[in-house]
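Proteins get letters first, then strands, A, B, ... in listed order; numbering begins at 1 in each. Both backbone and side-chain heavy atoms feed into the values below; hydrogens, waters and symmetry mates do not.
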Amino acid sequence: MNNVARNQKIAFTCLSVLGLLTVCILIYIIGYIVSQGLHMISWEFLTTKPRKMGSEGGIYPAIVGTVYLVLTTMIIATPIGVGAAIYLNEYTSRGKITSMIRFATEALAGIPSIVFGLFGFAFFVILLKPVTGGWSILSASLTGVTMVLPTIVRTAEEALKAVPDSLREGSLALGTTKWQTIKGLILPTAMPGIITGIILSIGRVVGETAAFLLTLGGTILIPQSLFDGSRTLSLHLYMVAMETGAMDVAFGTAAVLIVLILVINITASWFFRRLVKRFS
Amino acid sequence: MAITEVKQTSPSQAAASSAGQQFQIEAKTLDLFYGDFQALHGINLDISQKQITALIGPSGCGKSTFLRTLNRMNDLVKGVSIKGEVRIGGENIYDKNVNVVELRKKVGMVFQKPNPFPMSIFDNIAYGPRAHGIKKKSQLTEIVERSLRQAALWEEVKDRLHSSALGLSGGQQQRLCIARVLAVEPEIVLMDEPTSALDPLATLKVEELVNELKQSYTIVIVTHNMQQAARISDITSFFLNGKIVETDVTSKIFTNPTHKQTEDYITGKFG
Amino acid sequence: MNRILEEKIVKVFLFITAITAVFSVLLIGVFVFMEGMPIFLKYGITDVLFGPVWNPSSGVYGIWPMIVGTIYVTLIAILIGAPMGLGVAVYLVEIANKRIAKLIVPAVELLAGIPSVVYGLFGMFAVRSIIAELERGPLADYLPSNYQTGYSVLTAGIILAIMILPTIINISLDALKAVPREYKEGSLALGVSHWQTIYKVLVPAAKSGIITAIILGVGRALGETMAVIMVIGNTPLVPVLDWTGLFAPARSLTANIALEMGYAGPEHQQALFATGIVLFVFIIVLNSLTTLLVRRKGRK
């Protein structure tokens, strides 16, 4: 009996250590990046162009590139993803087509980002060059759309499923069409959940590098239109760290990214909590 | 369309209807199946205008299922098939060319559990009219006030029309749902055990309201509360195992039923 | 009638959005295979797959070093990440009080949100310097000089282990939570200790979910690009197959594509797409494994 109690004590201690270790790792990573990079962050760093291949100066073009890319990707991906979720949840029941769509969505979620990059390169950058301008924000956005689609579809579907059927019945019984019910009642009710998915997708686009390495071109110039190449903060970090060797700038950029991701996560969980509150 | 047909019923048309009396809803040998399971067997029921008809019976007897055939809410359930016909204002609502959306506008429904939408009181009431194309603010305000007054809720909520409907009490929520139905100006209001989720006081208020509404609407109410049926209805129909055992004037059903089964049920011997 | 027409148009539009995912998957598959197949056809499948030399400038495209490199780092990542992730999941479900759980759960979420380049940068400095000191200090006598840079499969494996933690924790957490309470209560009622109940009843009952978690973790590790590039050294050579191989710089399939796409000529590009095909096949095999597992569980 004594032995059993001792074993349990040892095991539980080990598991607690693992749990706390996870938190420590996170704190260490964030702390390390921030302590190395925070001193770089200044108004000037955020608002001026890089000099000497990015080894000096600011990260302004990368911020602009990130914003353009995120906006374009989400403007295209949101209606498609939410539309797909509405179709799956409101318009069909289990059938061949539905299971095919679900399978494809799952498969998309599992494809490595560099493979998305290869596809984006072959399809959007090379084949559709007359339309997309080759390496461009548009090519990268379209690639990004295929990447974030599963996240948006899944979260939107969860949010739609959480809307009780009694609301659908209540609305339809008033003589509204299905689409009126969805537009006027179901979507607004599910909105916090849908927004959570959108914010998570924004995080994915901000953090993604491999796919954009092959589709965005990586120029350090400020993009003038969607058909221009650009670089995102993540891409900038990679390029200055691996190609220019400007570690100060790399850490500074990383610190900016960490702050961005923190903001994105906090916002997402705020919306998620609102969703939970709405149904309890 | 059917709506105008009913409203403009001329004496000659009324005379033409079978019993010399005008029925607004006529169910004729109605069968309903959930997949292979038959839930309704040859239902025949005529329901008159501006009266309260109560459907009673033990749970699972088909009374709610029947109620939901009257505005085709069963269409939403997978695997439901229907034989026979339901005529409302003379038109078979299961005809191929019937517009279900228009039908539901004409035949409103109040559900067992209050289901206010997660929006303001005002928007809840204005939801239906807006969907039917009314956009003018003044007109909507007028409809909201009228509907809330009709549902005896106006005095309680007039100062907080723009706060969330979810903040109302259960009884208020149910009256809100009734007001929401009235706002689209139906001719018929179906009520599916509207007080089963409410406390006795709130129940009483809703019952009073239902009695008021009889002036302007045809009401079909499903209830498993026999006192309620006795209190408020004009006609009572007793359902058992997917069939109608007997339909008669309420006072007769509760004092001198024709069938043994009805008597057993109302005296509490089963169900 | 207007509303009915709108209803029909909307339905068509929604259907189109829904099948976008299907088309995307098909297009991705078609394009990667179309661009990569010529290399296999020209040089022979076995020569490309198992060729030990990758030297695009002289037209030699052996992917074998990258296959070994990928498997190697993935194995290390799983060997570290899976037990740790499972441990944390068990801790969260069975042991941790609410306050501590409220600290760990968001931490795991944040770990999942950190961009891979940031992991890479962190690995390049924080982790690599430790490994490099190990290599140059106590292990210096056993390791060749090119194994003493700190860039190694071990460094990459450690970083990947951290990166796959959220996947493994979250999915095994769900699996453990789904185990019926009666199992646990039944076991505890027999006088079996809490810990014995965990590893004899709870974990076995959640087995298929935990395996799914590990498979998804493998998929994540296989597919990771940036963090690996930044710490693995990127030498397209097969690591020595004894313990010193842990400290060998190597190259993964993903890194191979990302590193060389920027300057590759036409045939070289095809070879990189061929690398993509290999990666794709790995992922398909993994996904099928998961599907199989879920189906078997469904049948039970």
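At least one side-chain heavy atom of A:Phe251 sits less than 4.5 Å from a side-chain heavy atom of C:Phe125. For the pair C:Leu27/A:Phe119, a side-chain contact is recorded, criterion being any heavy-atom separation below 4.5 Å from C-beta on. Residues C:Phe122 and A:Tyr28 are in side-chain contact: their nearest non-hydrogen atoms beyond the backbone lie under 4.5 Å apart. Annotation: side chain of A:Leu108 is in contact with side chain of C:Ile28 (closest heavy-atom distance under 4.5 Å). Taking the side chain as every heavy atom from C-beta outward, A:Trp179 and C:Ile4 never approach each other to under 4.5 Å. Counting only heavy atoms from C-beta outward, the side chains of C:Leu222 and A:Pro112 never approach each other to under 4.5 Å. At least one side-chain heavy atom of A:Leu237 sits under 4.5 Å from a side-chain heavy atom of C:Met230. Between C:Leu253 and A:Ile114, every side-chain heavy-atom pair lies at or beyond the 4.5 Å cut-off.
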Q: Decide yes or no on side-chain contact (heavy atoms from CB on, under 4.5 Å) for A:Phe103 and C:Val25, but give the supporting numbers first.
A: CA-CA 10 Å; A:Phe103 175 80; C:Val25 171; 6.0 Å; no

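Residue contact with chain C, scored on non-hydrogen atoms closer than 4.5 Å, involves the side chain of A:Leu257 exclusively. Within the 4.5 angstrom heavy-atom criterion, atoms from both the backbone and the side chain of C:Val22 approach chain A. Heavy atoms of A:Ile33 lying under 4.5 Å from chain C belong exclusively to its side chain. Only the side chain of A:Leu127 comes within less than 4.5 Å of a heavy atom of chain C; its backbone N, CA, C and O stay farther away.
For C:Glu260, the side-chain hydrogen bond (donor to acceptor under 3.5 Å, both in side chains) partners are C:Trp54, C:Arg251, C:His268, not counting sequence neighbours.
The heavy-atom pair separating A:Val23 from C:Ala107 by the smallest distance is CG2-CB, 4.2 Å. For A:Val115 against C:Gly276, the heavy-atom pair with the smallest separation is CG2-O, 4.4 Å. Shown here for A:Asn265 and C:Glu109, the closest heavy-atom pair between the two residues is OD1-O, 4.1 Å. When all heavy atoms of A:Met242 and C:Asn234 are compared, the pair lying nearest together is CE-ND2, 4.2 Å. Smallest separation of non-hydrogen atoms from C:Leu121 and A:Ala241: CD1-CB, 4.2 Å. Across A:Ala107 and C:Asn287, no two heavy atoms sit closer than the pair CA-ND2, 4.3 Å.
Taken from CD1 in C:Ile114 to CD1 in A:Ile258, the straight-line distance is 4.5 Å, to the nearest 0.5 Å.
Residue pairs meeting the side-chain hydrogen bond (donor to acceptor under 3.5 Å, both in side chains) criterion with at least one member in residues 100-116 of chain A, sequence neighbours excluded: A:Arg102-A:Glu157, A:Ser113-A:Glu208.
Shown are C:Val10, C:Thr17, C:Leu14; of these, the side chain to side chain contact (heavy atoms under 4.5 Å, CB included) with A:Ile86 is made only by C:Leu14.
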